[in-house]
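The structure under discussion appears below in the form of structure tokens.
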Amino acid sequence: MLNSSSSLVAPGCSYNISVIQRTAAVAAAKATAAVSRRFRLGGGTALPGLVAERIDPDVIQELSAQLNLGSVIITGTNGKTTTARLLRSIVKEAGLKPVANRAGSNMMRGIAAALVDAASWSGDIASAERRLGIFEVDEATLPLVANAVRPRAVLFTNLFRDQLDRYGEVETVAAVWRAAVSELLAEATVVLNVDDPSVAALASAAEGRVVKYGMEDTSSGAAKLEHAADARWCTACGSELGYAAVMYGHLGHWRCPKCGNARPEPDVFCGLFQTGANGSHVTLKLPGGLVEASLPLTGLYNAYNALAAAAAAAALGLGRAAVQRGLNSATAGFGRQERMFVGGRDVQIMLAKNPAGLNQVLRTITANGSEADLLVLLNDNIADGRDVSWIWDVDFELLEGKTHSVTVSGVRAWDMALRLKYAGIDGGGATTHVEPEPAQALKRALSATPEGSTLYVIPTYTAMLEVRDLLARWAGRGAFWEAE
Amino acid sequence: MKGLALRVAHLFPKLMNIYGDRGNILCLQRRCQARGIAFEVDGLELGDPLKAKDYDLVFVGGAQDREQRLVAEDLVKVKAKPLREAVKRNVAVLAVCGGYQLMGRFYRTAEGEELPGSKVLDLHTIHPGAQAQRFIGNIVVEWNGTTVVGFENHGGRTFLGDGIQPLGRVVAGFGNNGEDGGEGAVYRNVFGTYLHGSLLPKNPKFADHVIETALRRRHKDFRLSEIDDAVEDAAHAAAVRQATRRSIIR
């Protein structure tokens, strides 16, 4: 990769100048982070990275090259943050020190910020000998990041329709990934979810080792393809794929009836998956043997995340004991089944950004059998996707007859109210309440939830940031809204 | 209305189902059933013949590029002729986004390749190249003394021929080509538009207009009764507010 800054410098003095540049970049970024934290200008996740990149465009390359154990990249439509979090937990159990970007800050600047944070003021990564980079990376940014960090392994979780106004079409993303895989170092390992046909197809673009993972326990799968199913066409010949088992979305045990292209046998798989109200249990088959683990996360999509993290650990040569301890000790991440206790109610935030993800959230909530209390928040800011038509691809019909109270909120609250009316949950009626303002909506939803019950909060990304902030402030307090 | 039925041909439901097109079918169904009108829908995929006399309304939605290419071929070879016949006999057609582009004479891709259309409508679409601005955002159109609101996302610019009218005038957004202020097309009982969102659920007046138009071919002077549209109207108004607020900032 050529960068104007270093390529213009005479070869003899480029080393010194690049070191000075890097030191300046790291110092400036660290100062920015400190100022940003001091004045509470946000978590300091993006701006320091932006500053560092501006001063030294090669900062990611130079700092990541110091990570003795190399880096792993995790990308895909859904599951990036949770998979990275689970892998971090496994890696720590293996005695290593991960360097990881924060949830959601998954473009170049987020990676730069994480590396700057791990570096000393002079631009050296501390205890580099045990350092492994674990970076969750935005689908479209993958080529840039892969080029800069030259990863040891890249994991692809899945590819669903998501924010078509921002990412373009599913096929476009698949083509970008293919090109990125073919550019990887020959010694890099590609870790693929073979239950997703378009992810499985990446194997043919890989020069190096491929580790394949998939679900073998099909008992939690869907009866048929969901409305949001995308990649149901054969990547080899274009015919419609047949499914022996559908897991969710277009994930499952697929085969092309025309050309015989079929889901490859996975190297790492989940042989048993059971989910309850507070967690789930997985039995995973890894190259050396079985791992049984309990997760604090529920739902099939989180079994996939655990499986993905285990497959990545296998690709890195980490032991089964670390995988088991890492999964057992994991906790819920930022807005991903994160739990808080407010006014005698258990509140669970279930971030959902696209049809496949939201369908999984709805299945997880309704699996409990009891009538649920819900707060659904729909925003249409750039980070959410400006186009809200995706809610019509979600199977909200799953909720029919299974709700106790429903409150809808956010910038596009009325679009959501209308969608729920169509799903048989009557908007404006006895059970659905529309309150576009999030704080008011949260109070309303809490008071509609019986004491001791769970309120499920289902927000889009920017709505999650808003509502999480409110919940964090109210957590531990009594039912204060009753006094107001 | 005893014995009344709306018979819909849904073209390529598996291939052209992006941007929540499902909401349009759900809306037609719901609004018919609320009036005691039976709703019948047949999904016609690649190779399936279109027996246009069996239907009151033909619906075609949007697709991703790969699918649109497959559909275009089938449309021209298998379905274009009966579709044009049906239009002559006043069968109603609702074509959204990619489906709308395919109703025209041709679509010139970003690479300059010309894909023939079904020639149902005298219009053509040109993609000015990969570097050109894509028309993405909320859109409000003035239609029939009221508004139609939705979301548009298209690279192609559509230009209408002489004998064909735009569906409405753009109040906020881009519309057919970002130049002449027109959005969509109307010809006989064919409605073409770039709006999704989904289009019909939060535009109940337009949805009823499409249903009435489709049913009047066999039931002259047919009128739909009023139903409770409180949530629909609120969603419509909120979407219009959002679209016009954003366009001022832009």
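Please read all numbers here as calculations on a predicted model, not as lab measurements. Here is the naming used below: chain letters follow the sequence lines, and residue numbers restart at 1 for every chain.
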From the options B:V231, B:D233, B:D229, select the one residue that forms a side-chain contact (heavy atoms from CB on, under 4.5 Å) with A:L418. B:V231
Does the side-chain contact (heavy atoms from CB on, under 4.5 Å) test come out yes or no for A:K421 and B:R30, once each step is laid out? CA-CA 11 Å; A:K421 174 179 172 176; B:R30 187 182 180 92; 3.7 Å; yes
Would you compute the distance between atom [atom1] of [X] and atom [atom2] of [Y] and round it to the nearest 0.5 angstrom?
{"X": "B:Q29", "Y": "A:Y422", "atom1": "CD", "atom2": "OH", "value": "10.0 Å"}
{"X": "A:R419", "Y": "B:K202", "atom1": "CZ", "atom2": "NZ", "value": "12.0 Å"}
{"X": "B:S198", "Y": "A:D393", "atom1": "OG", "atom2": "CG", "value": "7.5 Å"}
{"X": "B:H236", "Y": "A:D415", "atom1": "NE2", "atom2": "CG", "value": "11.5 Å"}
{"X": "A:R386", "Y": "B:N153", "atom1": "CZ", "atom2": "CG", "value": "11.0 Å"}
{"X": "A:W392", "Y": "B:L200", "atom1": "CH2", "atom2": "CG", "value": "9.5 Å"}

Any non-hydrogen side-chain atom of B:L15 less than 4.5 Å from a side-chain atom of A:W233?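 Yes - at least one pair of side-chain heavy atoms lies under 4.5 Å apart.
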Answer yes or no: is there a side-chain heavy-atom contact under 4.5 Å between B:E232 and A:W414?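 A side-chain contact is absent here, since even the closest heavy-atom pair is not under 4.5 Å.
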Check the pair A:D387 / B:I136 against side-chain contact (heavy atoms from CB on, under 4.5 Å), numbers first and verdict last. CA-CA 9 Å; A:D387 184 358; B:I136 305 178; over 6 Å; no
Under a 4.5 Å heavy-atom cutoff, which of B:A239, B:A235, B:A230 has the most pairs with chain A? B:A235
From the list B:G150, B:A238, B:P201, the residue making the most non-hydrogen contacts under 4.5 Å with chain A is B:P201
Would you say CD of B:E212 has more than 12 non-hydrogen atoms from neighbouring residues, nucleotides or ligands within 6.0 angstrom? yes
Using side-chain contact (heavy atoms from CB on, under 4.5 Å), reason through B:F151 and A:V388 one step at a time and then give a plain yes or no. CA-CA 8 Å; B:F151 197 90; A:V388 296; over 6 Å; no
Does A:E397 pair with B:R22 as a salt bridge, N-O distance under 4.0 Å?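 Looking at B:R22 together with A:E397, the answer is yes, because their closest N to O distance falls below 4.0 Å.
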